[in-house]
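For reference, the structure is listed below as structure tokens.
Labels below follow one simple rule: chain letters A, B, ... track the order of the sequence lines, proteins then strands, and each chain is numbered from 1.
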Number of protein chains: 2
Amino acid sequence: MKKEKSTAEPHGKEKDIFNLNISVDCTIFGFHSGSLKVLLCKPSAGEKWMLPGGLITRDEIPDETARRILKAKTGLSDTYLKQFSFFGRKDKKKGEKENPEILSEISLAYFALIKSGDAQLVEDNDSEHIEWFEINNISDLHPEHKIIFETALSSLRKQIGFIPIGYELLPEKFTMPELRSIYEAILGRELDRRNFQRKMLSIGFIKALNETRKVGAHKSPNLYSFDKKKYEEAERLGIQLMSNNL
Amino acid sequence: MKKEKSTAEPHGKEKDIFNLNISVDCTIFGFHSGSLKVLLCKPSAGEKWMLPGGLITRDEIPDETARRILKAKTGLSDTYLKQFSFFGRKDKKKGEKENPEILSEISLAYFALIKSGDAQLVEDNDSEHIEWFEINNISDLHPEHKIIFETALSSLRKQIGFIPIGYELLPEKFTMPELRSIYEAILGRELDRRNFQRKMLSIGFIKALNETRKVGAHKSPNLYSFDKKKYEEAERLGIQLMSNNL
DNA sequence: GCAAAAGTGTTTGGCATACACCCATGG
DNA sequence: CCATGGGTGTATGCCAAACACTTTTGC
């Protein structure tokens, strides 16, 4: 927080202290059509794809800005949302060769996990196109946002044992292969089908339903759902859901 | 990053977009006299203790601000330094009942690991006192900074397997009990002396020297040092040094 | 019947934990 | 010679990893 007397400033350079531009950028993850997706928007044709984002307004704290952006693009309010990093950048202002103004900008980075089936994508005035991209097949993303996205994925990977990923990303009823494919996408490697299932069920948050879903020329997988009560009880105690190495 | 066209802003409210105050606050860890310490400063008598921090100047990105603060307080440059979080806050400005100005402030939080033996503590104009505090015995720390400090410690705990803690905090030669006491302080619990030693040596970054240090009425502990080459090789490959549960 | 993928069970090895024993030092 | 704490070795148990076998479904 800002102090009454700011410390460690170079002496006599108070005039150099100023307010920077701050934006909030959201990496919004969703799951559908069998794979993990990220939501990107394109301000106008010709420009590169970008993460949904915006500037902080005067009456907001960063969390509120992130919620506002999420709501504006997807219509959703109650989703998993977490700050994971921030990024600084320096730019020389054009047109001033002598004593060029150096402009610093800061991006506060959030990631969100949403049930993409519930989302109503909104193409507002500022973003002509808005679209889901398979996370291993992203094209033409703004380079700085690419770094943010990759950091988001890496951050999600580190926290994978602490977040009820499936609960946040999947609809009420889901199959074990669906759940597994999310973990595989996040970790970037295949997981043993049988060990995965045993582990997931052993935690106790996931209960089997007496239903199956026909998906192809093979045995129909069972449907499962999260036991929200048990999960919340564990969350209250701050327990790690599972080890990070599945 | 700020976009050319800012997205997701409420229409017609451009005037509400403004720049916030941003400070960088550093949780600086050191080790000496047998225990893990954190560096705090007191702007003036009567005020509470605070984490070293300062505002970002116009030509800086946050990393540079953090380095500047670290250098100003300790004289050190090449240390482990990592952003771990940011904090937002809302304050209603006093004295304006009608249409009260809401002031948002943001603190970007870093933690540093330094060899405290190399540090030259500097009491500059802005901080009358600067002092090491044993991390379990911190008195009268500014409440908001207390939250930042605790988040720093918690963040360090989560990353304990990825950082060569001892290399950053200890002098060239150190004993195994010293190394262990750092891990115990960070994790907040005792570790088995024998298992700890075996694990540390098994990683291969720590080599035994043919020297001991006399420290008391018992067997003199061996001295060890880090094999920097092997560590850098592993870091390059992005390998986790050790599991998180020692 | 066959391919494909789901459900269930078993074996194995490595690592965390716990503890026993010996060694060196100062008082 | 005893208290203290460092160094080395060993037993145990759990869990992750690997894999075998059966079941179900569409073609």
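- Per the geometry, CD belonging to Glu211(B) stands 17 Å off C1' belonging to dG6(D), to the nearest Å.
- Between the side chains of Thr212(B) and Lys214(B), not a single donor N or O lies within less than 3.5 Å of an accepting N or O.
- Five base pairs at each end of the helix from dG1(C)-dC27(D) to dG27(C)-dC1(D) define two local axes, and these are offset by 0° (rounded to 10°).
- Within 6.0 Å of atom CD in Glu172(A), 12 or fewer heavy atoms from other residues, nucleotides or ligands are found, so the atom counts as exposed in its surroundings.
- Below 30°, between 30° and 60°, or above 60°: for Phe174(B) and Phe226(B) the angle between ring planes is between 30° and 60°, a tilted geometry.
- Applying the 6.0 Å contact sphere to OH of Tyr167(B) captures no more than 12 heavy atoms from other residues, nucleotides or ligands.
- Lys199(B) places its NZ atom 19 Å from the P atom of dG9(D), with the value rounded to the nearest Å.
- A salt bridge between Arg213(B) and Glu178(B) is present, with a side-chain N of the basic residue lying under 4.0 Å from a carboxylate O of the acidic one.
- Partners of Ser116(B) under the side chain to side chain donor-acceptor pair (under 3.5 Å) rule, at least two apart in sequence or in another chain, are His32(B).
- Computed from coordinates, the Arg189(A) CZ to dA17(D) C1' distance equals 11 Å when rounded to whole Å.
- Nucleotide dA16(C) holds its P atom 12 Å from the CG atom of Leu191(B), rounded to whole Å.
- As a whole-Å value, the separation of Phe196(B) CZ from dG7(D) C1' is 15 Å.
- Results of the ring-ring contact (aromatic ring centres under 6.0 Å, His included) test with Phe133(A) over Trp49(A), Phe29(A), Phe149(A) single out Trp49(A) as the only residue that passes.
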Task: Residues Tyr224(A), Gln197(A); criterion side chain to side chain donor-acceptor pair (under 3.5 Å); working and verdict - done: CA-CA 11 Å; Tyr224(A) 297 85; Gln197(A) 175 142 344; 3.2 Å; yes
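- The salt bridge (Lys or Arg N to Asp or Glu O under 4.0 Å) test applied to Glu131(B) returns no partner, not counting sequence neighbours.
- Going from atom OH of Tyr224(B) over to atom P of dG6(D) covers 11 Å, rounded to whole Å.
- Rounded to whole angstrom, the span from the CD atom of Gln197(B) across to the C1' atom of dC19(C) amounts to 16 Å.
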Heavy-atom contacts, protein to nucleotides 18-27 of chain D, under 4.0 Å, summarised as B (base), S (sugar-phosphate only) or - (none) per nt, yield BBB--BBBS-
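- For the salt bridge (Lys or Arg N to Asp or Glu O under 4.0 Å) test, no residue two or more places apart in sequence or in another chain qualifies with Arg67(A).
- Annotation: cation-pi geometry satisfied between Lys158(B) and Phe162(A) (NZ/CZ under 6.0 angstrom from ring centroid, within 45° of ring axis).
- One atom, CD of Glu184(B), and another, C1' of dG5(D), lie 13 Å apart when rounded to the nearest Å.
- Listed by residue number, the members of residues 170-182 of chain A with any heavy atom below 4.0 angstrom from DNA chain C are Pro177(A), Arg180(A).
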